[in-house]
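Encoded as structure tokens, the structure appears first; notes follow it.
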Amino acid sequence: MTKIRINRAIVAALILLLIQTAVVPWLIPSAWSGRLLIHFSFIMTVFVALLGGRHRAFLFGLGFGLLEDMLFYGHMIGPYAFGMALIGYLIGLAFDRRLNTLAFVLLLTGVGSGLLDMLVYFIYKLFSLTHLGASFVFYWQVLPTLLLHMLVALALYLPSRRFLVRHIASRSEEAEGV
Amino acid sequence: MIGLILFIAVMGFTLRRTGLTWPERFVNDAFGTAQGALYRPVGAVAGFFRDLGRLSDVYKENEELRRTVARYTQDQVRYNWIESENERYKQELGFKLRQEQLFKYKYVTSQVIASGSNPYDKTIKIDLGAHDGVKPNMAVVTVDGLVGLVSKVSEFTSTVMPITELDPTAPDTIQISATVSGKEQQVFGIVDFDKEDGVMRMSKIDENANVAEGDTVVTSGKGGVLPKGLIIGKVLSNQVGDFGLTHTATIQPAAKFDHLYEVFVVMTPDPDKP
């Protein structure tokens with residue numbers, strides 16, 4: 001039996017958000033600055049969805065999406081809050097505490113990241129705030145971001161699982177221990 | 001479903017707003033402090049490594065700069081003379097107070113503390129806010145040229161929307177009126193940004209106006225939003241526009257929009273206040 005430490009997840013996501021906004025822009029070369037747009041809090045949402053269930057993932061995605069939208073409030077608030085909450089919930093609904101191999105987590109992060117970015121793109125398209133073509137956006141921004149997200153998830157998954165998950169000894173194990 | 005409707009409502013509601021409510025301000029300022037503490041040292045380290053790479057160019061650059069300084073000192077003398085002349089003429093012509101004050105703007109140094117990672121909503125945050133006299137729609141420049149406009153102001157930080165976000169057909173757009181340095185009387189156009197090509201477009205130029213490659217495009221100050229004479233970029237090419245009646249010029253932006261470190265907020269005195 002395992003249980004997620006949601007407090008730790010929130011602290012980790014806050015620190016990652018600070019790193020994302022203040023450190024990452026310096027590491028990405030100028031030519032790629034419009035293409036690699038990393039969202040650490042989204043990766044954390046996927047982890048929470050897989051380790052902690054769909055309701056937690058929904059609230060987690062909602063909270064951090066809203067925070068990110070609010071911090072960088074350009075045109076409107078809401079797209080990332082909506083997208084991250086939805087995708088966190090869906091991943092939690094479909095794959096809650098099942099089959100958490102590393103490759104599967106990477107696959108989910110990749111697919112989720114692609115879906116999230118396309119969803120945000122369509123929201124902006126809906127309000128006619130962007131006029132880029134969908135295929136251009138996919139090739140220019142979504143695909144590299146997706147690959148980067150998968151890489152970061154690969155790097156973060158094992159440490160964060162160790163950091164976030166608490167093993168609760170089941171009754172029989174306790175009895176054996178005594 | 002209710003959630004979807006709610007979100008659409010929130011997005012629609014926040015679309016054209018310029019003010020911020022107090023929770024937004026609080027979150028912005030609280031995060032801004034932490035971001036500032038992180039962004040600046042990291043920027044310094046990154047800058048250091050970049051400088052190491054460019055060390056060989058520095059000597060050449062130094063030579064160049066010395067020559068430029070020599071030229072500038074000569075120009076300065078000329079400029080002072082012309083300015084005083086100009087001042088006198090204006091007084092003689094009886095300029096209105098409002099027009100006079102539009103030229104008296106000051107540059108306030110500001111540090112960038114974070115930059116966002118939303119591809120359709122690129123914003124940067126700076127460490128000056130309403131407390132320091134920043135207001136929405138003030139221009140933000142670097143030493144190279146115009147970077148953007150202040151879009152949201154909270155107490156100690158504010159959000160800057162780069163000019164790369166100025167989409168001419170977006171519902172909340174601001175249009176920059178521009179002209180060409182040295183030909184202010186004949187050239188006039190409106191500048192926006194083409195995201196797919198990464199260049200700026202200056203449209204609605206009169207077909208008789210003489211815009212050549214390499215001309216410097218500056219703000220004209222006629223739109224009432226931005227002050228006059230901020231550098232936007234250099235003209236790459238000039239061709240006949242969509243309807244054949246006006247010309248459209250392609251402009252290479254002068255400023256860089258990423259890895260920003262130090263920017264200047266251009267503060268204009270409010271003519272309505274004493």
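Values below: all heavy atoms of this structure, side chains included; hydrogens, waters and symmetry mates excluded. Residue numbers start from 1 in every chain, and the chains themselves are labelled A, B, ... in the order their sequence lines are given, proteins ahead of strands.
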Residue part contacting chain A, namely of B/Ser115, when any heavy atom lies under 4.5 Å: both
Per-residue contact mode, A/Ile38 against chain B (heavy atom under 4.5 angstrom): backbone
Contact residues of residues 78-88 of chain A (partner chain B; heavy-atom separation under 4.5 angstrom): A/Gly78, A/Pro79, A/Tyr80, A/Ala81, A/Phe82
Non-hydrogen atoms of B/Thr159 and A/Leu71 that approach each other most closely: OG1-O, 4.3 Å
Contact origin within A/Leu62 toward chain B - heavy atom pairs under 4.5 Å: side chain
Neighbour count above 12 (heavy atom, 6.0 Å) for B/Glu262 CD: yes
A/Tyr139 atom OH: more than 12 heavy-atom contacts under 6.0 Å: no
B/Lys122 portion near chain A, given a 4.5 angstrom heavy-atom threshold: side chain
Chain B interface, residue from A/Thr145, A/Val120, A/Asp117 that has the most non-hydrogen pairs under 4.5 Å: A/Val120
Part of A/Ile123 within contact of chain B (heavy atom distance under 4.5 Å): side chain
Region of B/Ile124 in contact with chain A, defined by heavy-atom distances below 4.5 Å: neither
